[in-house]
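What follows is one structure encoded as structure tokens, with my remarks underneath.
Lettering of chains follows the sequences in order, A, B, ..., and the numbering in each one begins at 1.
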2 protein chains.
Amino acid sequence: MSTIRDDCGKASRLQKDPGGAISRRIRIERESRGWSLSDLAEQSGVSKAMISKIERAEASPTATVLGRLSGAFGLPLSVLLALAEREEECLSLHDAQPLWADPETGYTRRAVSPPGAKVELIEVFLPAGVRIPYPAAAFAFQHQQIWVISGALDFTEGSTLHQLQEGDCLMLGPPADCVFSNPHNAAARYLVALTRR
Amino acid sequence: MSTIRDDCGKASRLQKDPGGAISRRIRIERESRGWSLSDLAEQSGVSKAMISKIERAEASPTATVLGRLSGAFGLPLSVLLALAEREEECLSLHDAQPLWADPETGYTRRAVSPPGAKVELIEVFLPAGVRIPYPAAAFAFQHQQIWVISGALDFTEGSTLHQLQEGDCLMLGPPADCVFSNPHNAAARYLVALTRR
DNA sequence: CGCAATCGTCTCTTATAGTGGACATTATCA
DNA sequence: TGATAATGTCCACTATAAGAGACGATTGCG
């Protein structure tokens with residue numbers, strides 16, 4: 001059992017660099033107003049070279065320039081930052097998604113949904129020939145569906161076998177012992193959607 | 001008629017540097033937790049030398065270090081900034097208070113209260129021998145009091161003369177022609193408290 | 001087509017944010 | 001009272017944010 005992206009010890013108190021979210025937010029505010037870099041530079045008094053770097057997250061703006069930029073947008077600085085944070089907690093970027101991989105089999109689970117979402121989406125990669133059993137006791141969900149993105153999947157729910165093909169979607173019934181298995185010679189990719197209890 | 005602190009032209013869109021408010025806020029958050037500079041430095045990963053500069057507004061922190069500091073406080077960055085802004089709009093620093101001075105007489109009015117306050121406090125400096133008449137039409141207040149801070153003041157309300165000494169406080173009645181005058185040989189300093197209509 | 005205008009990025013330089021360590025000052029205690 | 005530890009500031013140095021202008025790419029227009 002290993003977790004990805006775990007902060008160790010003291011670092012756990014450290015907040016992750018807000019640079020990415022801020023840079024995206026600033027670009028959104030600028031483009032949604034139809035402004036070019038030069039326009040915003042003139043309005044804010046910040047050089048367009050600097051704004052370009054900030055939007056591409058190549059520089060971390062100082063409080064001073066953040067104040068000038070938010071002023072140009074007509075927003076209080078705290079609101080600009082709040083918008084950035086909101087986006088951050090609603091948008092889960094692919095490279096930031098928690099990932100768990102079994103080095104033995106190549107089985108891979110990726111938590112696609114941002115934390116706190118009501119419906120959790122999990123992308124699973126199941127290599128050819130791999131078999132993953134799930135005891136009924138592991139089910140802490142209210143509702144669960146499986147949708148095959150590519151390849152094919154044999155899914156055993158209790159005593160019934162479902163042979164799922166690409167594009168098929170199965171809604172699970174009450175908790176039962178389950179087995180995900182891929183007896184074919186091509187890898188399978190599927191999505192699990194679930195609501196936690 | 002002249003106004004102090006008027007931004008000219010394009011600069012009117014520029015927001016004033018949030019550095020002062022941020023620096024005060026950070027010091028408050030740190031001290032209210034009983035943390036030393038070293039403590040916060042350890043918690044946040046920002047050098048204590050830098051924190052010292054930030055708190056004394058000698059440096060404008062980057063988004064990166066602001067993120068680390070707010071993380072150490074356990075606050076979202078936007079909340080930290082919102083607290084700073086709130087303080088900014090509730091606290092009116094002496095040197096930032098709008099001031100009007102009559103170059104001829106030396107009569108001086110200073111708006112002490114932050115903008116938006118329900119009760120407006122005005123500090124007045126009335127040099128010796130100066131006389132300032134106020135027509136009743138100029139009254140757009142619901143309520144008004146005059147408190148003499150130092151020196152003495154002859155205040156005429158309609159036809160009645162009030163000879164106010166240091167420490168005296170007068171509540172005004174319905175609108176009437178008024179005169180502030182200082183017939184003594186020492187300057188007078190008094191406070192006017194009023195609620196706008 | 002070609003010219004001009006506009007856009008975002010890149011390069012170079014300067015200003016300053018950020019760090020580690022020394023320092024003066026002030027509590028704390030033997 | 002002297003030793004020790006803690007606190008905040010100052011200093012020298014490094015990393016990087018910020019500015020001025022050049023550059024290639026794209027667009028629009030005659």
Side-chain angles (χ1 to χ4, degrees), chain A residues 7 9-11 13-73 75 77-78 80-81 84, chain B residues 9-11 13-73 75 77 80-81 84:
Chain A
D7 307 324
K10 217 167 283 172
R13 297 218 51 163
L14 268 58
Q15 185 158 304
K16 85 168 179 225
D17 193 321
I22 293 176
S23 66
R24 277 189 296 278
R25 190 71 233 170
I26 288 176
R27 169 164 280 157
I28 288 172
E29 293 296 329
R30 179 177 66 85
E31 293 184 340
S32 69
R33 286 169 172 74
W35 291 354
S36 68
L37 285 180
S38 304
D39 292 335
L40 179 54
E42 190 182 356
Q43 292 287 335
S44 64
V46 179
S47 71
K48 64 175 186 173
M50 195 58 213
I51 299 172
S52 174
K53 282 188 220 165
I54 292 171
E55 288 189 351
R56 284 173 296 138
E58 288 193 2
S60 181
T62 59
T64 305
V65 311
L66 280 179
R68 290 200 208 137
L69 291 175
S70 62
F73 292 141
L75 294 172
L77 183 47
S78 63
L80 187 71
L81 272 289
Chain B
K10 214 170 283 170
R13 296 217 50 163
L14 267 58
Q15 186 160 305
K16 84 165 178 226
D17 193 318
I22 293 177
S23 65
R24 276 188 295 278
R25 190 72 232 170
I26 288 176
R27 169 164 281 160
I28 288 172
E29 293 297 330
R30 178 177 67 85
E31 293 185 341
S32 69
R33 286 169 173 74
W35 290 356
S36 68
L37 285 180
S38 304
D39 293 334
L40 179 53
E42 191 182 358
Q43 291 288 334
S44 63
V46 179
S47 71
K48 65 175 185 170
M50 196 59 211
I51 299 172
S52 175
K53 281 191 221 167
I54 292 171
E55 288 189 351
R56 286 174 294 139
E58 287 192 3
S60 181
T62 59
T64 305
V65 311
L66 279 179
R68 292 202 204 131
L69 291 175
S70 62
F73 292 140
L75 294 172
L77 184 46
L80 187 70
L81 272 290

Task: Distance, rounded to the nearest Å, where A:Leu69 contributes CG and D:dA17 contributes C1' - done: 13 Å
Open item on the list: Between the base of D:dA18 and the side chain of A:Lys53, is one N or O donor paired with an acceptor at under 3.5 angstrom?
Closed with: yes
Task: Distance below 4.0 Å between A:Ser60 side-chain N/O and D:dA17 OP1 or OP2 - done: no
Task: B:Met50 CE - D:dA12 P separation (whole Å) - done: 18 Å
- [ ] Have a look at B:Glu55 and say if it touches a base, only the backbone sugar-phosphate, or nothing, with a 4.0 Å heavy-atom cut-off.
- [x] nothing
Open item on the list: I want to verify a distance call: between D:dA20, C:dT19, D:dT9, whose nearest atom is closest to the B:Lys48 side chain?
Closed with: D:dT9
Task: Between C1' of D:dG19 and CG of A:Leu37, the distance in whole Å - done: 14 Å
- [ ] State the CG-CD1 distance between B:Leu69 and B:Ile26, to the nearest 0.5 angstrom.
- [x] 5.0 Å
Open item on the list: Any base atoms under 4.0 Å from B:Ala59, or only sugar-phosphate, or nothing? Heavy atoms, all strands.
Closed with: sugar-phosphate
- [ ] Hey, could you give me the CG/CZ distance between B:Leu75 and B:Arg25, rounded to the nearest 0.5 Å?
- [x] 8.5 Å
Task: Side-chain N or O of A:Arg30 closer than 4.0 Å to phosphate OP1/OP2 of C:dG8 - done: yes
Open item on the list: It should be established whether A:Ser52 places a side-chain nitrogen or oxygen under 4.0 Å from OP1 or OP2 of nucleotide C:dG8.
Closed with: no
Task: A:Arg27 side chain near C:dG8 phosphate (N/O to OP1/OP2, under 4.0 Å) - done: no
Task: Donor-acceptor side-chain pairing of B:Ser52 and B:Arg56 below 3.5 angstrom - done: yes
TODO: Measure from CD on A:Glu58 to P on C:dT11 and round the result to the nearest Å.
DONE: 10 Å
TODO: Return the value, rounded to whole Å, for the distance between atom CG of A:Leu40 and atom P of C:dC7.
DONE: 12 Å
- [ ] May I ask you to decide whether B:Glu55 forms a salt bridge with B:Arg30, counting only side-chain N to carboxylate O separations under 4.0 Å?
- [x] yes
Open item on the list: Expressed as a whole number of angstroms, how long is the span from B:Asp39:CG to D:dG8:P?
Closed with: 9 Å
Open item on the list: Counting only side-chain nitrogens and oxygens, does A:Thr62 get under 4.0 Å of the OP1 or OP2 atom of D:dA18?
Closed with: yes
Open item on the list: Is there a side-chain contact between B:Leu66 and A:Leu81 in this structure, where contact means two heavy atoms from C-beta onward sitting under 4.5 Å apart?
Closed with: no
Open item on the list: Quick check on D:dA6: is either OP1 or OP2 less than 4.0 Å from any side-chain nitrogen or oxygen of B:Ser36?
Closed with: no
Open item on the list: Could you tell me how far apart B:Arg56 (CZ) and C:dT16 (P) are, to the nearest whole angstrom?
Closed with: 16 Å
Task: Nucleotide D:dA17, atom P - distance to CD1 of A:Ile22 in whole Å - done: 13 Å
